[in-house]
Amino acid sequence: MAPLTFWKPGTVGPGSTFDRASEAEENIVSYAPSSSLLSVQAQRERLPIFKHKLPQYLYEAGWAQDGNVIACTQPRRVAATSVAMRVAAEVGSMLGDEVGYTIRFEDVSNKERTRIRYLTDGMLFREALVDPLLSSYSVIMIDEVHERSVYTDLLLGILKKIRRKRPSLRLIVSSATLDASSLLEYFRADNGPDEAIILSLEGRMYPVEVAYLQEPTPDYVKKAAEVAWDINSRQGPGDILIFLTGREEIDRCLEELAEYLPTRKGNASRLTLLALHAGLTTEEQMRVFQPAERGYRKVIVATNIAEASITIEGIKYVVDCGFVKLRTYNPTTTLSSLAVVPTSLASAVQRAGRAGRTSPGICYRLYPHHVIKTFTKTTPPEVTRTDLTTPILQLKSLGIDDLMKFEWVTPPPAESVLRALEGLVNAGMVDHGGALTEVGQKVAECPVEVNIARMLFSSKDFQCGEEILTIAAMTAVQNVFVIPDGADGALAELERRKFTAEEGDHLTLLNTYNAFVKYGKSSSWCKNHALSFRAMSRAVSIRSQLKKYMQRFGLPLKSCEGDAKRLRQCLVSGYWRNGARWVADGTYRSIRGNIPLHVHPDSVLFTRKPKSGWVVFHEMEETKKIHIRILTEIDPDWLLAHGHKFQEKSRS
DNA sequence: GAGCACTGC
């Protein structure tokens, strides 16, 4: 094999812009003077403040007196729970006592006693729907702001508004990469000197050297395997983490690596090859945490899940392909796309950092150094590349009527806001004057998409609340069916067919759920039927939560008693804009825009033409083609009955 | 005719 040609900045080529990143310690880079928070820092004699300690210091400094609570938000559930556990232990509190957490389906906190409360950003945002001034909190710390999740952005926006009415509320905004001064400006713009904001920059623990490929590679999957093999032959011990964009690439890379195995030289380690992506079972995901056996080196080939969501200790070498699969949303066509695009600079730094968590490491970037100049600084915030229907309904519910005046940290495209409003008006959630309707107010509180909410409400007329509730829960979870590769995959396909309903995927999901419940919600049963126990259990939780909302809204939980026609009519009441017509070549055409649509291979209608020639679908997404997922056959007349507004519009 | 990055309520 030809030697690999890399160069390392600082040793061969010009100095790298990333030298600084490797030295960054966790420290505070910016703060507003004259804030009371500084006294906390002073008490600690300006020792470095570790991020997770901040709420504790505030607690000790008396910020949680008189019934006040210190909140700390995280974009992910695991982070909220694990940080809460750690802090509870450090404070010497039982989890759920002075220190607690609140995530969907799990409230481990005490209304009277909890002083430091960790929650997901979505949960705190939801709390604002009930208590618009978030009046129980004295300090709110928003962590991982650089990730810029939709709910982080919405929270920042409403907190800016809240602070005008309640200046005593202190904010701490913590970000690993975000340009500190611009966010400080965002909050300072119209607030007085009493502002209290700290932005912290967190760094990795050990330096990471960065090496670039001298020539671009035509096939980064193949190259990644080659580099990993080269590391194993020449470099000292330490596990290898490879970043690729998706499952298909991961499997291909593992195959490439497997081919190298017989060529191993005597002094090199044996390799343990592992895949890591969200489609795997929990069991499979856990394997990456097991230390390699003696004489073995782990090679983990992962998607972006390893960039922030899952942290693996002991990684010394990172191989970064420089690309990521990113979702974008086109409001004009309401089409969301999943495309492979170059990573941002921030993302590249983050990936490299994964090599330095337990010792100094090396990151091999599979592109030439000059390419990095073309990278964007950060990934565009989610709010600019997603459907805003639900967020805007919630903002309306918070009394923020003029959405153009809402102070977004980054404003979404105007077209996106308009399209969301249009969708809400069509769905009867917002009236033509832009005000929330009675139904809209209810739906805003209910954690489902607008089209699903419409079905829940119309299930009263079709008398199928019981079934629609299950379908609503099942469409909200991903990766219900786990289909492995190879021979096991074919067997799994056969298992899945046992649940297949002729009418399509929604009824198939319903059958699957009912069977899961009937057979005791067992994990071994799931395994035998190629189902994800995690996904199914989640569906159970979601269903019981939605059930409470239905009861609150006075919606009957009637069963349609096997009358699939009624059930499908009810589906159309929510999906009426997602109709499609079968054409002779096996594809479909959308009723909106006559766009060619391809059935996703997961669908039970992938191999069959629906008798009526018409379907409604849950969602569409563009990858190489435009795919529609979760289909149900319908009678086209039902579209006329429910979608008459659209039909009138299309004729005019 | 053949495929979903990752979160969250």
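In what follows, every chain begins at residue 1, and chains take the letters A, B, ... in the order their sequences are listed.
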How long is the line joining CZ of A:Arg496 and P of B:dG3, in whole Å? 15 Å
Which nucleotide in the set B:dG3, B:dC6, B:dC9 lies at the smallest distance from any side-chain heavy atom of A:His600? B:dG3
Heavy atoms only, 4.0 Å cut-off, all strands: where does A:Gly246 land among base, sugar-phosphate and nothing? sugar-phosphate
How about A:Arg365 and A:Arg351: do any of their side-chain heavy atoms sit closer than 4.5 Å? no
Output the single nucleotide from B:dA2, B:dG8, B:dA5 whose closest atom is nearest the side chain of A:Arg247. B:dA5
Take the protein atom CD of A:Gln74 and the nucleotide atom P of B:dT7, then report the distance between them rounded to whole Å. 15 Å
All ring pair (Phe, Tyr, Trp, His ring centres under 6.0 Å) counterparts of A:Trp614, not counting sequence neighbours: none
Distance, rounded to the nearest Å, where A:Leu244 contributes CG and B:dC6 contributes P: 12 Å
Using atom OH of A:Tyr101 as one end and atom P of B:dG8 as the other, report the distance to the nearest whole Å. 13 Å
So which nucleotide from B:dA5, B:dG8, B:dG3 ends up closest to the side chain of A:Arg77? B:dG8
Calculate the interatomic distance between A:Ile250 atom CD1 and B:dC6 atom C1'; express it in whole Å. 12 Å
Taking only the side-chain heavy atoms of A:Asp602 (C-beta and beyond), determine which of B:dG3, B:dC9, B:dT7 contains the nearest atom. B:dG3
Nearest-Å distance, CG (A:Asn304) to C1' (B:dC6)? 7 Å
Using a heavy-atom cut-off of 4.0 Å across all strands, would you classify A:His598 as base, sugar-phosphate, or nothing? nothing
Within the structure shown, what part of the strands sits under 4.0 Å from A:Thr303 by heavy-atom distance: base, sugar-phosphate, or nothing? sugar-phosphate
Counting side-chain heavy atoms from CB outward, which of B:dC9, B:dT7, B:dA5 is closest to A:Arg76? B:dT7
Does a nitrogen or oxygen in the side chain of A:Lys624 sit under 4.0 Å from OP1 or OP2 of B:dA2? no
With the side chain of A:Leu338 defined as its heavy atoms from C-beta on, choose the nearest nucleotide among B:dG3, B:dT7, B:dA5. B:dA5
Parallel, tilted or perpendicular, judged at 30° and 60°: which one describes the rings of A:His627 and A:His598? perpendicular
Name all residues meeting the side-chain hydrogen bond (donor to acceptor under 3.5 Å, both in side chains) criterion together with A:Thr410; count only those two or more places apart in sequence or in a different chain, and write none if there are none. A:Arg148
For residues 438-451 of chain A, run the donor-acceptor check on the side chains, cut-off 3.5 Å, and write out each pair with its distance to 0.1 Å, sequence neighbours left out.
unit_1, atom_1, unit_2, atom_2, d
A:Gln441, NE2, A:Ser397, OG, 3.1
A:Glu445, OE1, A:Arg552, NH1, 3.1

Relative to the 5' end of DNA chain B, which residue comes earlier, A:Arg538 or A:Arg385, by the nucleotide with the nearest heavy atom? A:Arg385
Using atom CE of A:Met620 as one end and atom P of B:dG3 as the other, report the distance to the nearest whole Å. 18 Å
Identify which nucleotide among B:dA5, B:dG3, B:dT7 has an atom closest to any side-chain atom of A:Gln478, counting heavy atoms from C-beta outward. B:dT7
Toward the 5' end of DNA chain B, by each residue's nearest nucleotide, A:Val78 or A:Glu248: A:Glu248
Under 4.0 Å, heavy atoms only, any strand: does A:Gln545 hit a base, just the sugar-phosphate, or nothing? nothing
Whole-Å distance, A:Asp251 CG to B:dA5 P, equals 10 Å
By side-chain hydrogen bond (donor to acceptor under 3.5 Å, both in side chains) - contacts of A:Arg126 (at least two apart): none
Positions of residues 118-132 of chain A (non-hydrogen atom under 4.0 Å from DNA chain B), listed by number: A:Thr120, A:Gly122, A:Met123, A:Arg126
Determine all donor-acceptor pairs shorter than 3.5 Å in which one atom belongs to a side chain in residues 535-542 of chain A; sequence neighbours excluded.
unit_1, atom_1, unit_2, atom_2, d
A:Ser537, OG, A:Phe533, O, 2.7
A:Ser541, OG, A:Ser537, O, 3.4

Any idea how A:Tyr549 and A:Phe553 line up, ring-wise: parallel (<30°), tilted (30 to 60°), or perpendicular (>60°)? tilted
Are A:Thr623 and B:dG3 close enough that a side-chain N or O sits under 4.0 Å from OP1 or OP2? no
